[in-house]
Amino acid sequence: MKQKRKAFSGIGQLIIPLVALSLLILFNLFRDPGFFSIGVAVNSSGNKVLSGNLISVIDSASELAIISMGMTLVTAACGGQDISVGAVGSIAGAVFVKVLLGASSINGGIVVLGIIACCLATIAFKLFNGALVAVFRIQPMIATLILYSCGRSIAYWISGSATPQLNSPIISAMGMTIPGIPVPTPIFAVILVGLLLALLFKLTNTSLYTQTVGINQGAARLNGINPILIKLLSFVILGVCVAVAAVIGVCRMGNLSHKTLLVDIEMDAILAVAIGGNNLGGGKFRISGSILGAYIIQMLTTTLYAMNVPPVNVKAYKAVVIVIIVVAGSPVVKSKVTAMWNRLRSGGSTAAVQKGVRG
Amino acid sequence: MSAVKTERAAKRREPLTNTSLLMLISVCIFFFMYAAAIIFMGDSGFTKPQMFFDLLNDNAYLIIIACSLTIVMIGGGINISVGGVIGLTVMACALFLNGNGIENSFLSILLTLLLALGIGLAFGVGQGFLVSYLDIQPFIVTLAGMFLSRGLTTILSVNPVKVTHAGFLELVKTKIKIPWLGYTAQNGNLIPAKLEIGAVVALCVVVLMYVLLRYMRLGRHIYALGGNQQSALMLGINVRRARFSSYVISGVLSGLAGFIFLMHKPTGNASVAMRSEMDAIAASIIGGTLLTGGVGNVIGTFFGVMILATIQKIIGLSPLKESYWQDMTSGAMLGFFILLQSVVLSSRGKKMKLPDWMKIGAPKKTA
Amino acid sequence: MQNDAVLTMRGICKRFPGTMALNHVDFTLRKGEIHALMGENGAGKSTLIKVLDAQNAGISTVYQEITLCPNLTVAENMFIGRDPGKSVHWKEYEKRAAAILDGLGIPARPRQELSRCSLAVQQMVAIARAVDMKCKVLILDEPTSSLDEKEVEMLFKLMRDLRARGVGIIFVTHFLEQVYEVSDRITVLRNGELVGEYAVADLPQVELVAKMMGKDLNDLADLEQVGQKSLGGQEVVYDARGLSSSESRPFDFSIRCGEVNGFTGLLGSGRSESVRAVFGADRVTGGKVQIKGKTVKISKPHDAMTHGIGYLPEDRKRDGIIADLSVRENIILALQVMKGFFHPMSRSQMEKFADEYIQALQIKTASQDTPIKSLSGGNQQKVILARWLLTHPDYLILDEPTRGIDVGTKLEIQKLVLKLAEENMSVTFISSEIEEMLRVCSRLIVMRDRKIVGELSGDDLTQGHVMKTIAGGEQ
């Protein structure tokens, strides 16, 4: 009994997202057994690529998954969410495109330079957010509302034209597939960011410090942790995530559309964090939960597409599922379910006694 | 003797409350800005009262939802579904007006209004229940509300729906003419100033909500709840009911805003009032409402909307014609106000605190 | 005499899991008296108040923490939540509030925003609200703990006025002098039991302290010794001259290697604030600090930690535990911080340390992975203790390490402190229980009103001496 509990300890917060994901998978299997079949197709540039709903889910969720990871850290450290990630992503895309178009031709070196410039830009903007939150103690949502409302205009101002095009095999390799490798490149980006974060957690105390600051800022200080630095760090990491997501987004489209690049991704990212069982009030977190949340959201979307729901209507169904998931995870419902479960397990007689004592 | 003293004590001028101070700042900035616009850009229309009325006409719906957000934010919550509810209401009302086939024009419009309010009420009750009685974070609940309303809008119709109902179009054209605020056109005709019905409704909403927040028990309970939830409980206030009510009011006002929007632009469209929730939040903040709860006032919010509207108008009429300048100046304006509030409040010895809804699930002791 | 009792309680019992919080306690409050309810922490005062407050019949309680809304006006705070009307009549409120405030002599204006009033006035507004609710019994729970002298005087005037109107006031406080200033009678509780009820005139201050501590002045001699006290070596480990922080007044203080000393004084005397200044927990405003003869600058906790100082904070829940983190993470936290951001310990290393200290301090926990918040208070305290022992500090500050934990664990901690001193660690030990301090400390620094008023060591270390010094010259 004890052994069992130990084995499952720690995945507690993942139970609801895992159940949600399995229900989605079961639903799809039941609806269309071929939903998960993976085939090989030839894409527009003549490469052999894997195709199928599953690949499509994992591929299209990439930007969301990457940003959710950073969002989890900001949520954990600051107890609030950043709603400017989409807008800052748009700026990042503009910087990236600006650097690439500034060069005479697009080659590997210039792409690396573009990515670096793009990271620096997002880090600068995120430090601005972070300073408002950590130093001026402004609510994260309010602090990031500024860039939310004007970020896309800044992006347009930087890029200077409506939809600059990027035509290069490097760009399409980064946004879709590398010739010879049948797996979409964005999936590797998710794995890369995930590994980098894992490495960061392995080599530094980011995880422990972030949780400590999020749970009890005062006690963190008394144990020698600087809460301001930790909060800024979380914003810097989010900045890098946003830059990567923006580059993927730009490469996927082959152009920059400052109005639609990563549009509304902040809302989905916050949802992914919440669905992953993380507390939006900060503290303990699990990046894996948020990643799971991101894939649940994408799986849901793809499922709805497969059921011939028009893309614009997807939001309505998504809302219903979200409400079901958060209600299932709400403290009130949880405690009621636990009480009922205990009563069922301990049998009617004990329940009666318990009630008597309470009365 | 004592009575006289008491009287005098009551009449003594009090230092401004945080609510009034922040409101006063935004009112002053508005008048300063408008005066500057009249002086430096007079020839582009700011000297005419019609300019002011146009600002009201164009932003009537925003004034209403900004008020609704102010109420929720005073109670320490947030509601980001208001824009979506407007979109849904506009679409539903447009379809209903075109398709209901009721002969009596007045009845048809009345039923449309009820439909608008009903949609808002349904969203308000649903979200209020989830937030107040199931303790779910309002951001997530109202985000789901936003998705649902936007999704339902496109389920109703993906294509724009033009209102063809003659009676309603008549209503749209109806404007209140105020001759003595008009101006004489170049050909010598007097053009009276025109105010739309929607703008009048919006002003009424501001006044009503002011009265509700200032003079009704419910309003005061919402302030108490946002000030300190624990204390509010100890003072014998039904905290859950107050919070629930704030979301219901917010929902109904969003429905009303949808109807007003339709009266301004009689076309249903999937992108109606897109992102207007954030404009409403920004207006509330500029008007002196704190997201942390307990501080704020709808009069301030009204001026918040007007500040945002005026600055966009000024930029629109200035040489900086590119549309991004409007967003950038609004963003800068918002940043300026946020920092100003942070500085003003901390200089008053008050630190920003987390609102209670941010703490759900992780009860933290506020030292 | 019995007729003018407004409140009589007989044989009150209250059981919490594991302890008897109140055991057959009697309590009588008369009309128009101020009745002090005294006892150390855990004596059962708050439980008794909660039992009373639940009765709801003309009883109002004003708690230490203000339970009014800071963003509303004074008048509104007095009427909100109890006016059955749907609308607010400001004029009416303000008039009534002005009359009540005026009548009670409270220096607040009805239209003032509550957050702009001083804490004392906020406290008084809460009292005014209670009084207007026609209460016959008013309970004041530690109303003076955050007030300065002048404010306390104002509050006392109000209490005396209310007494003259026939309101029975139960006054809970840690400040002895205040008890003697305003109270008529005193009821003393200890460990959930009634010690006795006395008229103020019949109970000298020293005797009151003795009753609260549970020792008769006569049998102070036979103290059970938990171990050999350590006088310490010659080397001065820590020395501060004129150290002051945003919360404490300048003071001098030093400790030698292997010495156990203590700060004593009643709650609010400034003992916690002093050690917080030593650790850099509050903003340090001045003073010169030397560690092992070298002048150092300690302006934040991290500085203190790198100079080998550990600090177990007074408020375990607020400042100590990281509630949602596991026992293991809570144990290794301080050591991990000292190792640095870029040198995380391996999981096995953490587990080893955690196991070692769970064993050594006999921490009762299901596993290392259990969140610390689900442990009992005593075990939480041991985890925090383990956290600091793991850093092997030269100088360890323990502020109320034994508060709210059971007797067995208390003894363990006392023994541990003496053992640490033997191993040449310097320890500052703070406790509300003098008896405990006498067992472990070889030198006691006595504080009153945020000032050091005496230093006792050697033969002076007797309960009588300490109590006299705490209570002050007048007896």
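Heavy atoms only: backbone and side chains are in, while hydrogens, waters and symmetry mates are out. Here is how names work: the chains are called A, B, and so on, in the same order as the sequence lines, proteins then strands, and each is numbered from 1. Note that the structure is a prediction, hence the values are computed from the model and not measured.
Minimum interatomic distance between Gly331(B) and Cys150(A) (heavy atoms only, all atoms of both residues): CA-SG, 4.0 Å. In this structure, Leu334(B) and Ser149(A) approach most closely via the heavy-atom pair CD2-OG, 4.4 Å. Looking at every heavy atom in both residues, Val332(A) comes nearest to Tyr133(B) through CG2-O, 3.9 Å. Contact between Ala144(B) and Val323(A) at its shortest, heavy atoms only, is CB-CG2, 3.7 Å. Across all non-hydrogen atoms, the minimal contact from Phe136(A) to Ser342(B) is O-OG, 3.5 Å. Minimum interatomic distance between Phe147(B) and Lys318(A) (heavy atoms only, all atoms of both residues): CE1-CE, 4.0 Å.
Both the backbone and the side chain of Ile155(B) come within less than 4.5 Å of a heavy atom of chain A. For a residue to count as touching a neighbouring chain, one of its non-hydrogen atoms must lie under 4.5 Å from one of that chain's; by this rule Met333(B) does not touch chain A. Within the 4.5 angstrom heavy-atom criterion, atoms from both the backbone and the side chain of Val312(A) approach chain B. Contact annotation for Leu147(A): neither backbone nor side-chain heavy atoms come within less than 4.5 Å of a heavy atom of chain B. Heavy-atom distances place both the backbone and the side chain of Leu134(B) under 4.5 Å from chain A.
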Candidate pair Asn313(A) and Thr154(B), rule side-chain hydrogen bond (donor to acceptor under 3.5 Å, both in side chains), full reasoning: CA-CA 6 Å; Asn313(A) 297 352; Thr154(B) 47; 2.7 Å; yes
Apply the test side-chain contact (heavy atoms from CB on, under 4.5 Å) to residues Arg152(A) and Asp327(B): give CA-CA distance (whole Å), side-chain angles for both, the deciding distance (0.1 Å), then the verdict. CA-CA 9 Å; Arg152(A) 289 185 187 276; Asp327(B) 283 348; over 6 Å; no
Just do the side-chain contact (heavy atoms from CB on, under 4.5 Å) check on Phe139(B) and Ile83(A) with the steps written out, would you? CA-CA 11 Å; Phe139(B) 191 91; Ile83(A) 59 168; 4.0 Å; yes
Please report the C-alpha distance between Lys315(A) and Thr153(B) in whole Å, then the side-chain angles of each, then the deciding distance to 0.1 Å, and finally whether the side-chain contact (heavy atoms from CB on, under 4.5 Å) criterion is met. CA-CA 10 Å; Lys315(A) 276 182 173 175; Thr153(B) 309; over 6 Å; no
Candidate pair Met141(A) and Ile78(B), rule side-chain contact (heavy atoms from CB on, under 4.5 Å), full reasoning: CA-CA 10 Å; Met141(A) 190 184 152; Ile78(B) 189 89; 3.8 Å; yes
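To the nearest 0.5 Å, atoms CG (Asp135(B)) and NZ (Lys334(A)) are separated by 12.5 Å. Separation of atoms CG (Leu280(A)) and CD1 (Ile140(B)) is listed at 5.0 Å; rounding is to 0.5 Å. Note that CG of Leu339(B) and CD1 of Ile146(A) are 6.5 Å apart. Values are rounded to the nearest 0.5 Å. In this structure, OH on Tyr148(A) lies 8.5 Å from CD1 on Ile281(B), to the nearest 0.5 angstrom. Atom-to-atom distance recorded for Met267(A):CE and Met146(B):CE is 4.5 Å, nearest 0.5 angstrom.
Taking chain A as the reference chain and counting heavy-atom pairs below 4.5 Å, the highest number among Ile285(B), Leu152(B), Val141(B) is found for Ile285(B). Highest contact tally toward chain B, considering only Ala274(A), Ala316(A), Ala155(A), is held by Ala316(A) [criterion: heavy-atom pairs under 4.5 Å]. Interface summary for chain B: among Ile270(A), Val320(A), Val314(A), the most heavy-atom pairs under 4.5 angstrom belong to Ile270(A). When the candidates Val333(A), Leu145(A), Val326(A) are compared by the number of heavy-atom contacts under 4.5 Å with chain B, Leu145(A) comes out ahead.
For Asn278(A), the side-chain hydrogen bond (donor to acceptor under 3.5 Å, both in side chains) test picks out Gln13(A), Ser290(A), with sequence neighbours left out.
More than 12 heavy atoms of other shown residues, nucleotides or ligands fall within 6.0 angstrom of atom CZ in Arg240(B). For Met340(A), the CE atom sits in a loose shell: 12 or fewer heavy atoms of surrounding residues, nucleotides or ligands are nearer than 6.0 Å.
Using a 4.5 Å heavy-atom cutoff, the side chains of Ile142(A) and Gln341(B) are not in contact.
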